[in-house]
Amino acid sequence: MTTTTAAHAEHPEHGPARGLMRWVTTTNHKDIGTLYLLFALTMFFVGGAMAMVIRAELFQPGLQFVEPQFFNQMTTMHALVMIFGAVMPAFVGLANWQIPMMIGAPDMALPRMNNWSFWLLPFAFAMLLSTLFLTGGGPAGGWTMYPPLMLQTGEALPFVIFAVHLMGISSVMGAINVIVTVLNMRAPGMSLMKMPLFVWTWLITAFLLIAAMPVLAGAVTMLLTDRYFGTAFFNAAGGGDPVMYQHIFWFFGHPEVYIMILPAFGIVSQIIPTFARKPLFGYSSMVYATASIAFLSFIVWAHHMFTVGMPLAGELFFMYTTMLIAVPTGVKVFNWVATMWRGSMTFETPMLFAVAFVFLFTIGGFSGLMLAITPVDFQYHDTYFVVAHFHYVLVTGAVFAIMAAAYFWLPKWTGHRYDERLGRIHFWLSAVSVNVLFFPQHFLGLAGMPRRIPDYAVQFADWNMISSLGGFAFGTSQLLFLYIVVKTIRGGARAGAEVWEEAHGLEWTLPSPPPYHSFTEAPEVR
Amino acid sequence: MVRRTAALAAATGLIAPAGALADYALNLRPGVTPISREVYDLHMLILWICVAIGAVVFGAMVYSIIRHRKSRGVEAARFHENTSVEILWTLIPVLILVSMAIPATRTLIAMEDTRDADLTIKVTGYQWKWHYDYLGEDVSFFSTLATPPGAFRDASLRTADYLLEVDNPVVVPVGRKVRFLTTANDVIHSWWVPDLGWKRDAIPGFINESWAQVDVPGVYRGQCAELCGKDHGFMPVVLVAKSEPEYEAWLAQQKSAKATRAAAAEKTWTLEELMQRGGAVYAKTCAVCHQANGEGVPGAFPPLAAGHPFAAGENLLAHLRERGFLDADGNIVLGPLEQHIDIVLNGIEGSAMQAFRDQLDDADLAAVITYERNSFGNDSGELVQPAAVKAAR
């Protein structure tokens, strides 16, 4: 492999074009990966600002800062921006940067489509965010967009739906690109069962995307025709069924949840072995567990809607299937712990985030198991207990994994080491504040506080205030992350090819930063 | 814990009732029905199982993090797979899950058994209030938030039950199996009293069945749990459980109140009487959207005060224009009386304006329309009698 790299260095560099047009017309997986990641970071701060509005309003009982209707717009937009604008594009950005380098390919298989799938996003989000300035404001019916409430949205409705369509097209194209790349462009000798786990989890995620996103597009299109073309898919008075929307939505929505966590599993499975200096425990069981989770994700959707009044048999079925998910998820957690066991660990920032991921994602898993129990879910459903649950899996799960990945691969991407001391400070600030933010929300939910309310009864005051303080601290801490990233891009100590002491994988055989085209000659994998 | 949070509350000048904090702060409540106690036990069982698993997994992780560090000079082991271990930690969780599923299934079956109820109450969700109908008893009423709007901004006006207080609570007899039928009039709501151990969605066009048998007399408070629009946070549920004789007395009183209301619809009212009653109805029913000063909310809820400009989506403006309530300059005008009665009675399809024909009686409708046409600077001097509303139905 070293000879390949050396040979590559002799080639003249096929550098990128200069100026703004480089980014508009680029078909290079690294440039597009960078665009995705920067877009995701921007949206992370936009969605975060909305979260700050929410936590400010909930700091004390009473209405202080915003009107209830605007509050509902904030909760709706916060979710849409974070899910479709921050977490998903961040994973696609990581896939773009890493998959070709990890499988020994020169680039993604479909570079022009890659460009298009990114450039749809700024337009989709410009349209989505612009609805906040329309008469009647932005969407306020929750990110789940349940009718009939969603049909009461003002002028914003068609813009939101079209934006969702664009995001869906972008995601599906990104997914096709990943599948084609992984299946066709692996270096000789890299059989499927030799692929790094990040590539495996992304391959499975891509199939989930292709299966799930069109379902969402169908659901929102039916909303559109119900509103503007006189159909009655979801209108009981016209023979339709509002609950059918929820079934269709969650048939998309549950796979979507795993779309946002499977790549995170992959990232953590790369990082823990590196810093434990020990191979991943149970590689093949990790692959099978990921595939099982993906399969199960299509038969558990109705656990998001246990309170709609399904027949007993349906409630039991979805309770049992949902509980089953705990098995492959447990296997993954046990494997990570077994990887750490008797390793020789060091705790640089990526490892800190990865270990925190295992802890805190597991807490989210426990509350998920509790939520699976239908009779008790009748109490938990639509309370802050649910809010705490999904923020544990999405913030301390998905977002922490993305940050771990950023610290892990930033030296590879930029050729500069990030400031380790600042990275650790960022980790500790984030890890402490995120728990102050979300852990008390379990108590609020159990005590009876519903979700999506702008004002609350006085007995919820204490924990809301603590949660808000944690929220402000967490939000502020992320400015440090921005500073560290910018600083690393601009300069810093030189990073060698291998970056980390025990880093294994093709990406570490390339120099840091890697050449514009990763592997022009396929490396050999033994 | 209580002391720390109380200190924090005191430090920020927040008044928190200590009693409420003690019962309410950390955990689910056992509630007051046999089912709610089963649900609570199930919750605690699963919580402790999770805590036990967590102790093992996190214990191993923490041990490893402390002991297996490079800085302690540990050489990494090379093991990386073991099929029997994988099978073991697949099978053990399955057994644990089965042990959870058995009691959960038993409780769920009991919760869904709505047969042999002693009494049925139909609960209908409206934006943003609840309607209760005692089937077979000819007793029905709306239940709306009783917190004065001023309290949202002024903490000194808040009671201990801030946002959890209503004008007419739903009343049930203790020790009897009460069946609740939930449905909705406009969007999806969810009816929830934590002390009963469940919530159930109220869905337009569908009727869901649930039941509860309250064993302890008392007042139990809950809220709408499904996002239902602007005032989702302001439609609480208050349930009062009374002993059998007290419940019967309450029922009789409801029936006589209904007869009084029927008589009111028959008589001829003076402007003053109508204005007084109309003001009260307006404050309770209309002010939530059109605002206490009749000036509405730009973009969403039109003003009722003539002469005010209104900017909104073309859909909504067209509705107002064709009914004669909007002039060419985009200002609100006082439209014809028949149209006004029609809008309040039947609502405006495709807008947030609801039909109030079933929500208010003839006297209330006549009073509130009279009030709207003679307040906020409107001075039509017109007087609407209940008989006119009856004729328009």
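Per chain, numbering begins at 1; letters A, B, ... match sequence-line order.
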Cut-off 4.5 Å, heavy atoms of chain A, and the answer for Leu28(B) is both
Check Ala312(B) against Thr135(A) and note the closest heavy-atom contact, atom names and distance.
C-OG1, 4.1 Å
Using heavy-atom distances under 4.5 Å, tell me whether Gln69(A) contacts chain B through its side chain, its backbone, both, or neither.
both
Counting heavy-atom pairs under 4.5 Å to chain A, which of Gly205(B), Gly233(B), Gly31(B), Ala104(B) comes out on top?
Ala104(B)
Determine yes or no for a side-chain-to-main-chain donor-acceptor pair under 3.5 angstrom, with Ser344(A) supplying the side chain and Val74(B) the backbone.
yes
Check this for me: does any side-chain nitrogen of one of Glu67(A) and Arg153(B) sit under 4.0 Å from a carboxylate oxygen of the other?
yes
Start with the C-alpha gap between Thr105(B) and Tyr320(A), add the side-chain angles, then the distance that decides, and say whether side chain to side chain contact (heavy atoms under 4.5 Å, CB included) holds.
CA-CA 10 Å; Thr105(B) 304; Tyr320(A) 298 149; 2.7 Å; yes
For chain B, the option from Thr339(A), Asp241(A), Asp377(A) that forms the most heavy-atom pairs under 4.5 Å
Asp241(A)
Counting heavy-atom pairs under 4.5 Å to chain B, which of Leu151(A), Leu324(A), Asp455(A) comes out on top?
Asp455(A)
Determine whether Thr346(A) and Ser71(B) make a side-chain contact, defined as any pair of heavy atoms from C-beta on separated by less than 4.5 Å.
no
Below 4.5 Å from any heavy atom of chain B, which atoms of Phe347(A) appear? Answer side chain, backbone, both or neither.
side chain
Tell me the closest heavy-atom pair linking Pro450(A) and Ala225(B), and the distance in Å.
CB-CA, 4.4 Å
Any side-chain heavy atom of Ile453(A) within less than 4.5 Å of one from Gln223(B)?
yes
Does any backbone or side-chain atom of Gln73(A) lie under 4.5 Å from a heavy atom of chain B? Answer side chain, backbone, both or neither.
neither
Nearest heavy atoms of Ser64(B) and Met340(A), plus distance in Å:
OG-O, 3.1 Å
Quick one: are Gln246(A) and Ile188(B) in side-chain contact, heavy atoms under 4.5 Å?
yes
Can you confirm whether Leu97(B) sits close enough to Leu369(A) that some side-chain heavy atom of one is under 4.5 Å from a side-chain heavy atom of the other?
yes
With a 4.5 angstrom heavy-atom cut-off, is it the side chain or the backbone of Ser367(A) that approaches chain B, or both, or neither?
neither
In terms of heavy-atom proximity below 4.5 Å to chain B, should Leu63(A) be classed as side chain, backbone, both, or neither?
both
Contacting region of Val355(A) [heavy-atom separation from chain B under 4.5 Å]:
both
Is atom CZ of Arg69(B) surrounded by more than 12 heavy atoms (other residues, nucleotides or ligands) closer than 6.0 Å?
yes
If I measure from the heavy atoms of chain B, does Pro440(A) come under 4.5 Å with its side chain, its backbone, both, or neither?
neither
What do the steps show when you test His80(B) against Leu280(A) for side chain to side chain contact (heavy atoms under 4.5 Å, CB included), and what is the final call?
CA-CA 6 Å; His80(B) 59 87; Leu280(A) 182 69; over 6 Å; no
Close side-chain approach of Leu227(B) to Tyr146(A), heavy-atom, < 4.5 Å:
no
Per-residue contact mode, Arg451(A) against chain B (heavy atom under 4.5 angstrom)
backbone
With a 4.5 Å heavy-atom cut-off, do Ile46(B) and Phe366(A) have their side chains touching?
no
Test side chain to side chain contact (heavy atoms under 4.5 Å, CB included) on Leu312(A) and Ile109(B) and set out the steps.
CA-CA 7 Å; Leu312(A) 178 63; Ile109(B) 291 172; 3.9 Å; yes
Among His442(A), Met305(A), Glu155(A), the residue with the most heavy-atom pairs under 4.5 Å to chain B is Glu155(A)
Between Ala338(A) and chain B, which part of the residue has a heavy atom less than 4.5 Å away: side chain, backbone, both or neither?
both
Hey, does Val243(A) have a side-chain heavy atom less than 4.5 Å from the side chain of Ile203(B)?
yes
Please check: side-chain N/O of Arg78(B) versus main-chain N/O of Pro279(A), any donor-acceptor pairing under 3.5 Å?
no
Counting heavy-atom pairs under 4.5 angstrom with chain A, the leader among Glu314(B), Glu209(B), Gln127(B) is Gln127(B)
Most contact-rich option vs chain A, by heavy-atom pairs under 4.5 angstrom, among Ala60(B), Gly222(B), Ala77(B), is Ala77(B)
List the atom of Ile373(A), the atom of Leu42(B), and the distance in Å for their closest heavy-atom pair.
CG2-CD2, 4.1 Å
For the side chain of Thr307(A) and the backbone of Asp201(B), is there at least one donor-acceptor N/O pair under 3.5 Å apart?
no
Of Met111(B), Glu38(B), Arg106(B), the residue whose pairing with Pro375(A) passes side chain to side chain contact (heavy atoms under 4.5 Å, CB included)
Met111(B)
How about Trp341(A) and Phe79(B): are their ring centres within less than 6.0 Å of each other?
no
Measure from the side-chain N and O atoms of Asn72(A) to the backbone N and O of Gly229(B), and report whether any donor-acceptor pair falls under 3.5 Å.
yes
Looking at Ala311(B), Cys228(B), Ala300(B), which makes the most heavy-atom pairs under 4.5 Å with chain A?
Cys228(B)
Highest number of heavy-atom pairs under 4.5 Å with chain A: which of Leu108(B), Thr147(B), Leu163(B), Asn208(B)?
Leu108(B)
Side chain, backbone, both or neither: which part of Ala237(A) has an atom under 4.5 Å from a heavy atom of chain B?
neither
Tell me, side chain or backbone of Met319(A) under 4.5 Å from chain B's heavy atoms, or both, or neither?
side chain
So which of Ser284(A), Gly154(A), Ala236(A), Gly309(A) has the largest heavy-atom pair count under 4.5 angstrom toward chain B?
Gly309(A)
Salt bridge between Glu75(B) and Arg277(A), side-chain N to carboxylate O under 4.0 Å?
no
Dump the intermediate steps for side chain to side chain contact (heavy atoms under 4.5 Å, CB included) on Ile363(A) and Phe58(B), then the final yes or no.
CA-CA 10 Å; Ile363(A) 291 177; Phe58(B) 295 155; 4.1 Å; yes
Taking all non-hydrogen atoms of both residues into account, name the closest pair between Thr90(B) and Val331(A) and its distance.
OG1-CG2, 3.7 Å
Starting at CZ of Phe460(A), measure out to CG of Leu164(B) and round the result to the nearest 0.5 Å.
6.5 Å
Can you spot which of Trp192(B), Trp198(B), Tyr40(B) makes a side chain to side chain contact (heavy atoms under 4.5 Å, CB included) with Gln379(A)?
Trp192(B)
Nearest 0.5 Å, what's the OH-CD distance between Tyr283(A) and Glu81(B)?
11.5 Å
Are any of the side-chain heavy atoms of Phe206(B) and Val308(A) separated by less than 4.5 Å?
no
Of all of Ala110(B), Pro93(B), Pro204(B), which one pairs up most often with chain A through heavy atoms under 4.5 Å apart?
Pro204(B)
Considering only residues two or more places apart or on different chains, which pairs with a residue in residues 42-52 of chain B satisfy side-chain hydrogen bond (donor to acceptor under 3.5 Å, both in side chains)?
Tyr380(A)-His43(B), Asn27(B)-His43(B)
Does the Lys199(B) side chain pair with the main chain of Phe378(A), one donor and one acceptor, at a distance under 3.5 Å?
yes
